[in-house]
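Heavy-atom basis, side chains included; hydrogens, waters and symmetry copies ignored. All values derive from a computational prediction rather than experimental measurement. Residue numbers start from 1 in every chain, and the chains themselves are labelled A, B, ... in the order their sequence lines are given, proteins ahead of strands.
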Protein chains: 2
Amino acid sequence: MQEYATLRAFVAVARTGSVSRAAEQLHLTQPAISLKLKQLQANLGLTLFSRRPQGLALTADGHALLPAAEKALASAQVFEQTAGTLHSTLRGKLSIGTIVDPEFLRLGAFLSRLMARAPQLETELHHGMSGSVLNRIEQGDLDVGFYLAPPGEGSGQAHGGLAWRELTHFDYHVIAPAGGKIGLLTPVGSIWRRCHGL
Amino acid sequence: MQEYATLRAFVAVARTGSVSRAAEQLHLTQPAISLKLKQLQANLGLTLFSRRPQGLALTADGHALLPAAEKALASAQVFEQTAGTLHSTLRGKLSIGTIVDPEFLRLGAFLSRLMARAPQLETELHHGMSGSVLNRIEQGDLDVGFYLAPPGEGSGQAHGGLAWRELTHFDYHVIAPAGGKIGLLTPVGSIWRRCHGL
DNA sequence: TTAGATTACGAGGATCGTAACTATC
DNA sequence: GATAGTTACGATCCTCGTAATCTAA
């Protein structure tokens with residue numbers, strides 16, 4: 001089965017009539033495109049292009065395959081777009097409780113990833129000590145907050161009415177109102193569900 | 001952009017409701033599927049499955065994405081199939097001149113790859129010494145033949161009215177009537193063009 | 001000589017399987 | 001204990017970019 005990169009190369013070269021322009025368009029180098037074409041033709045056992053002085057031209061076989069390749073790419077884009085609409089419906093304001101040094105929390109990375117996932121989400125940062133963040137979350141004042149966990153405590157458990165989950169690649173934990181089911185009832189709460197991927 | 005292997009994993013798990021059965025179906029291991037699912041969900045920023053005692057069940061998001069994934073896969077299969085029909089129209093008999101030991105030529109591998117590319121093609125093997133094969137090709141008695149080339153001779157050149165091309169991964173060469181243009185005029189000749197991918 | 005394409009090759013990253021671990025019945 | 005899934009990790013394969021080579025106008 002041909003991968004998307006291969007199909008993109010094929011379509012780009014077919015449309016531009018040139019490996020160079022296709023490479024430019026796809027932000028790759030000439031050799032990369034050239035190799036992809038070679039692989040595609042070898043896999044299919046077909047000759048899709050013929051060399052012309054000013055570039056490459058489609059053969060009859062290439063012409064016959066182009067529409068199918070374009071459809072395959074279009075379907076893939078539809079998939080991506082469908083996925084996009086599923087979390088672009090997220091709206092609301094997320095109140096985040098922070099502690100200690102934002103640099104230590106890698107807060108910038110966290111926020112940028114959050115924005116990438118849910119661009120329409122507003123965030124509001126509230127700084128405090130670890131204990132006060134816990135209290136304000138329990139009171140519903142904050143939606144989610146950082147929490148320095150004691151080492152060796154495992155992950156994914158619930159305690160004290162709060163659900164917490166270890167963030168891999170980070171040295172801190174995030175807390176949100178318990179159960180995850182509550183999260184689903186409000187726009188803000190659904191954020192918590194989305195955050196599971198971060 | 002999600003690759004096909006990822007979409008196949010998603011669809012297989014969604015349909016079977018189990019990583020194990022999906023792995024079996026795709027001839028992969030449980031961890032490979034599990035990783036693909038994790039990557040897909042991370043890329044999309046969505047939770048597609050929820051864990052059940054007997055396996056995994058689609059979430060609402062997963063349900064919404066399944067049709068798009070199936071369409072993307074179907075389009076890819078249409079592309080492959082279209083390519084298949086392009087060289088399944090090949091018919092005719094190919095007379096192949098062989099030399100020395102068929103085992104040494106890896107003739108079985110060559111023929112099986114040829115059959116995979118052009119299933120409707122008949123082949124006819126004629127064994128002889130290297131010189132006689134050359135003569136019979138020049139006389140049009142054979143369509144294509146094996147030839148032990150002197151080392152260091154480069155590849156893709158034409159000499160003595162014959163075109164020859166080095167077969168990568170093999171230690172021998174294939175000869176066919178010169179120019180490749182002649183090849184396009186007859187069913188048998190078009191075989192030579194197809195062989196370029198082997 | 002210039003423009004365009006291919007080949008060679010090496011570094012970096014992705015993939016997949018084995019093995020070990022966790023959780024649920 | 002048995003079943004289902006995940007994590008860890010290492011070997012292998014793939015991809016892409018740089019540099020060199022090839023071909024035609």
Value in whole Å for how far the C1' atom of D:dT15 lies from NE2 of A:H27: 18 Å
Spacing of A:L26 atom CG relative to D:dG17 atom P, expressed in whole Å: 11 Å
Rounded distance (Å) that lies between atom C1' of D:dT15 and atom CG of A:L35: 8 Å
Closest contact, heavy atoms only, B:D61 versus B:T47: CB-O, 3.9 Å
Closest listed nucleotide, where the reference is the side chain of A:K36 and the choices are D:dT15, C:dG17, C:dG4: D:dT15
Test item: A:K71 and B:V78 side chains (from C-beta on) under 4.5 Å apart, heavy atoms: no
A:P31 side chain, from C-beta outward: closest of C:dG17, D:dA19, D:dC16: D:dA19
Shortest non-hydrogen separation from B:L73 to B:Y4 and the atoms involved: CD2-CD2, 3.8 Å
Per B:S34 side chain, nearest of listed nucleotides D:dT7, C:dG17, C:dT7: D:dT7
Smallest separation among heavy atoms of A:T59 and A:S50, with atom names: CG2-N, 3.9 Å
Pair B:K36 + B:E3, salt bridge at N-O below 4.0 Å: no
Within 6.0 angstrom of B:Q81 CD, more than 12 heavy atoms from elsewhere: no
Over all atoms of both residues, closest heavy-atom pair of A:L7 and A:A69: CD2-CB, 4.3 Å
Residues from residues 5-25 of chain A lying under 4.0 Å of DNA chain C - heavy atoms: A:S18, A:V19, A:S20
Residue-phosphate contact under 4.0 Å: B:K38 side-chain N/O, D:dT7 OP1/OP2: yes
Whole-Å distance separating the CG atom of A:L56 from the P atom of C:dG4: 12 Å
Euclidean distance, atom CG of residue B:L37 to atom C1' of D:dT7 [Å, nearest integer]: 15 Å
Sugar-phosphate only, base, or nothing, as touched by A:Q39 at under 4.0 Å among non-hydrogen atoms: sugar-phosphate
Atom pair distance, as rounded to whole Å: CD in B:E3 and P in C:dG13: 18 Å
Touch class at under 4.0 angstrom, heavy-atom based, for A:I33 against every strand present: nothing
Mind listing the N/O atom pairs, protein and nucleotides 21-24 of chain D, below 3.5 Å?
none

Heavy atoms of other groups near B:E80 CD, more than 12 under 6.0 Å: yes
Interatomic distance where CE belongs to A:M1 and C1' belongs to D:dC14 [whole Å]: 18 Å
Residue pair B:A23 / B:Q30: nearest heavy atoms and the distance that separates them: CB-N, 3.8 Å
Nucleotide D:dT3, atom P - distance to CD of B:Q30 in whole Å: 12 Å
